[in-house]
Amino acid sequence: MSKRRAAFLTLGCKVNQYETDAMEEILEKAGYEIVSFKETADVYIINTCSVTNMADRKSRQMIHRAKKNNPDAIIVAAGCYVQAAEEELAKKNEADILVGNNKKKDIAQILEEYFAAKEPEQEVPVVSEVIDINHTKEYEDLTIHKVNEHTRAYIKIQDGCNQFCSYCIIPYTRGRIRSKNPEEVIEEVKNLAAQGYKEIVLTGIHLSSYGKDLGTVTLLDVIKRIQQVEDVERIRLGSLEPRIITEEFMEGISSLPKVCPHFHLSLQSGCDKTLRNMNRRYSAAEYAEKCELIRKFYPSPALTTDVIVGFPVETEEDFEESYEFVKNIHFYETHIFKYSRRQGTKAAVMEGQLTEAVKSIRSEKMIALHEIRAKEYETSMIGKTLELLLEEEVEINGKTYFMAHSKEYVRAVIEKTKDHKVNDLVRAKAVDFADEHVLLAICEELY
Ligand code: F3S
């Protein structure tokens, strides 16, 4: 019998992508051939997202698209949208199998049972594998050995969130904080390093909570252990919350040379009133102190952030306060989101929802600031020697280069020569811009 063909599509965040990668490996091991989503497959797995109403819609659209690709295929909807809308999806009968969070590890077995029970030409009711995620303490045991990128592997070490920001559905779709056992983290990192991945990016739903449920280990402990893994050259941290930045944490981190001086601290707003409405648990002043603390330990770190504009009851003055705050911190990158109502959250039913037009004006103003600050930071790199990890070949104005990221996550290119190949780490001096937000660097030596 020829191999069954399975195709995946992922929506949402890096954690979801990791879980797709892990499911792919599970099905490959079970004898499936993995094909692209556009091809005809026997099974389509849509790893859904539910972070906004728009994400829900996109998840539904992708379920339809899979059905259109092959009306005879088995359609599996997995992940956060399933967790949030199980009943609705079961009634609709568009997906054949629903797999909630914490059940992705069972994908091969769920499919096997489905195929075994299915008689030719016979209608089978929707199979639902969804648990009460809010009461689970189990960290789902998923692991990856490879990723699609050549150099950088994102790994998930934490799940769930206890924060309940007023705009966010994720605590309801992911449940409470759970951490991957540190021994398993190290095992996974060692395997990836042995495969040649030089950069490990630690991700989670609320990474700063890593270890809190285990009680015996902290995020800093696990980073220290990754530092010891031979062949890992870089450790990059995913989104952190400001409160994890303490003297002790920074002292620990800055003594580990593999940790990248790139810190993504989610801000969301620089206005205290809006922060309170969002149920964020820090003030703008505290946030600014944390940035200062990072700068005390690193001379010119890349600080990046997320900002929501147009949150309910955000007045013009509130927005200006947030804008001025962002301006004064001097972020390298600011990811700007127009507030988007998510059903089932407190913010969705708040009075004082703003119009799309107002949100757009604020977003454009913030984007313009981001552009200026990003360029400023990149320009400050000119004249400096950067450590670059070569990722892929690119053409710019008819010339071939290696595209790379510095430890700060600034993009840079070096001219392609025979001396280098993808996945080399090189030292190169930034001399100019090669393109918009891409530095041109000249190589000093091969590592
Ligand atoms: Fe979306 Fe779930 Fe990630 S809601 S952003 S896939 S945690």
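In listed order, ligands and their atoms are each counted from 1.
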Report summary line: Note: heavy atom closest to atom 3 (Fe) of ligand 1, options C13, P171, G12, A55, belongs to C13
Query raised in the report: Atoms of ligand 1 less than 4.0 Å from S50 heavy atoms?
Result: 1 (Fe), 4 (S)
Requested in this report: Examine all N, O or S atoms of C80, backbone included, and report whether one is under 2.8 Å from atom 3 (Fe) of ligand 1.
Outcome: no
Query raised in the report: What closest approach, in Å, do A73 and A41 show between heavy atoms, and which atom pair accounts for it?
Result: CB-O, 3.5 Å
Report task. State plainly whether the residues K91 and E88 are in salt-bridge range, i.e. N to O under 4.0 Å. Result -> no
Report task. Record the part of I205 in heavy-atom contact with ligand 1 below 4.0 Å; permitted values are side chain, backbone, both and neither. Result -> side chain
Requested in this report: State whether E376 and R373 are salt-bridged, where the test is any N-O pair (Lys NZ or Arg NE/NH1/NH2 against Asp/Glu carboxylate O) under 4.0 Å.
Outcome: yes
Report summary line: To the nearest 0.5 Å, atom CZ of R152 lies from atom NE2 of H405 at 5.5 Å
Query raised in the report: Could K105 and E138 be called an ion pair, given the rule that one side-chain N must be under 4.0 Å from one carboxylate O?
Result: yes
Query raised in the report: Going by the atom numbers of ligand 1, which of them fall below 4.0 Å from some non-hydrogen atom of C49?
Result: 1 (Fe), 4 (S), 5 (S), 6 (S)
